[in-house]
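Per chain, numbering begins at 1; letters A, B, ... match sequence-line order. Just so it is clear, the structure is predicted and the values come from calculations on it, not from any experiment.
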2 protein chains.
Amino acid sequence: MSEAIEVNSSPATLNKKELARQKSQAQILDAAETLFASHGYDGASMNAIATEAKVPKANVLYYFKSKDNLYEAVLERILSNWNLGLIDISVDDDPALSLYRYIHLKVRLACEQPQQSRLFATEVIRGAPYLADYIRQNTRPWFRKKVAVLQAWIDAGKITQVDPSHLLFMIWSSTQYYADYQTEILILQNKLEYEESDIEAITRSTAQLILGGLGLKLPESI
Amino acid sequence: MSEAIEVNSSPATLNKKELARQKSQAQILDAAETLFASHGYDGASMNAIATEAKVPKANVLYYFKSKDNLYEAVLERILSNWNLGLIDISVDDDPALSLYRYIHLKVRLACEQPQQSRLFATEVIRGAPYLADYIRQNTRPWFRKKVAVLQAWIDAGKITQVDPSHLLFMIWSSTQYYADYQTEILILQNKLEYEESDIEAITRSTAQLILGGLGLKLPESI
DNA sequence: GTCTATACAAGGATAGAC
DNA sequence: GTCTATCCTTGTATAGAC
């Protein structure tokens, strides 16, 4: 119980320490996310993470027992963030509007939090040593529910007949691509970074192609 | 000059040695490609590469002067292979057929040589330290030519009005996804590996959505 | 609870024997 | 030209001072 600790220090002091602790941990997690994403698990040294987080090297291992542990903590934080962005569609929803919103959300995530997508990508490319179980137990049931909804839309004649799995893969791929391959895209377009207007343009083009392929039109209310 | 060497050994002996040398080099390149793709640049040790290639550790550094050098050699081999698969479209071609063929080719590459796509992905995710120049000098001019062709198709009313850059990005993303995220896709579909029939199914679904989005139909001649 | 100093292993690279 | 043995650096992790 945390009350037991308060005996030896004033609530104010505890608060300060507690705040400092949380701040340090957040800084470490941020730094780790950045470096794991850009240099991979082995390429990101605990030393570099500590420097980036502006904390002494040993503190990183004090807060997170090992490098493995830190890596898992970073992944968990990303997943909890991503779960907020899971599409929530049901049979009665309007396909065009639902899919447009989902694509918009995914594009925004990819452009604004590219690191998270990249870290997820490197983990999966490695064979998902840490995430395979999670995908099996959490993502797969969710995936199957959404496939069922898409199939119901097809059966009801709301969208063109197409493999629902591949439709979902296409939405994921075409949005995450802007995070994972950002470097290449920016070079090809001779740009330094994405702008707010890019997010809209990407969403529009992507949605136009996918919705068009499903026999739908872009929602006018956007 | 290589003739100078032949003086001290019979042509047959030289041939044997030359063959052994080339075989060793190829084995090392294969092993390096596999390990760089699955473990990243830092995660793949020269030791592991040597073991995988079944040659003594020091030989790897004898043939390729350094780890950097080996990594570059692997990248170059991949690029020369990929350049064979660059889309070759021109204004007079039939959009539906040309794009279908290109999608088919990219899906086949992704499913049959996933390692190459994954290694390319990790390189770009890292910020393309080795490939940035190549992309700027080779891929960008090629990219611009193809964008011009797509724009000409739009101007001629052959395909729906859509941003040509994003169209190309969507083709790349939706096909390479099956290589880069193979682990996740197989788990979600509860499969062990891709089959020949998957390549056809993926091509069909992907082409159907993209061509549909462009106001085209799947070519019947396929 | 925080940080310095250090142990111990692994990796890249090289020198020199064969 | 090929391989063994070794050097040096870097990385993770821990022990112990403050």
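- Distance from the side chain of Leu61(B) is smallest to dA13(C) among dA13(C), dG11(C), dT14(D).
- Of the candidate nucleotides dT12(D), dT4(C), dA13(D), dT4(C) has the atom nearest to the side chain of Ala58(A).
- Contacts of Ala44(A) with the nucleic acid, taken as non-hydrogen atoms under 4.0 Å apart, involve only primed sugar atoms and P, OP1 or OP2.
- The nearest whole Å value for the distance from the CE atom in Met46(B) to the P atom in dA10(C) is 18 Å.
- In this structure, the nucleotide among dT12(D), dC3(C), dG11(C) sitting nearest to the side chain of Ser45(B) is dG11(C).
- When rounded to the nearest whole Å, the span between CG of Asp68(A) and P of dG11(D) equals 17 Å.
- Residue contacts for Phe64(B): at a heavy-atom cut-off of 4.0 Å it reaches no nucleic acid atom on any strand shown.
- Using a 30° and 60° split on the angle between ring planes, Tyr41(B) and Tyr71(B) fall in the perpendicular class, above 60°.
- One interatomic measurement links the two molecules: CG of Asn47(A) to P of dT14(D), which rounds to 16 Å at whole-angstrom precision.
- One interatomic measurement links the two molecules: OH of Tyr62(A) to P of dA5(C), which rounds to 20 Å at whole-angstrom precision.
- A straight line from OH of Tyr41(A) to C1' of dT12(D) spans 9 Å, rounded to a whole angstrom.
- Between the NZ atom of Lys57(A) and the P atom of dC3(C) there is a distance of 15 Å, rounded to whole Å.
- The aromatic rings of His104(A) and Tyr100(A) sit parallel, their planes meeting at an angle under 30°, below the 60° perpendicular limit.
- Using a cutoff of 4.0 Å between basic side-chain nitrogens and carboxylate oxygens, Asp42(A) and Lys67(A) are not scored as salt-bridged.
- Across the protein-nucleic acid pair, Lys67(A) atom NZ and dT14(D) atom P stand 15 Å apart, rounded to whole Å.
- A salt bridge does not link Glu123(B) with Arg118(B): none of the charged nitrogens is closer than 4.0 Å to a carboxylate oxygen.
- In this entry the distance linking NZ of Lys65(A) with P of dA13(D) reads 12 Å, nearest Å.
- Distances shown here put a side-chain N or O of Tyr63(A) below 4.0 Å from the OP1 or OP2 atom of dT2(C).
- With a 6.0 Å radius and a threshold of 12 heavy atoms from other residues, nucleotides or ligands, Lys23(A) has its NZ atom at or below the threshold.
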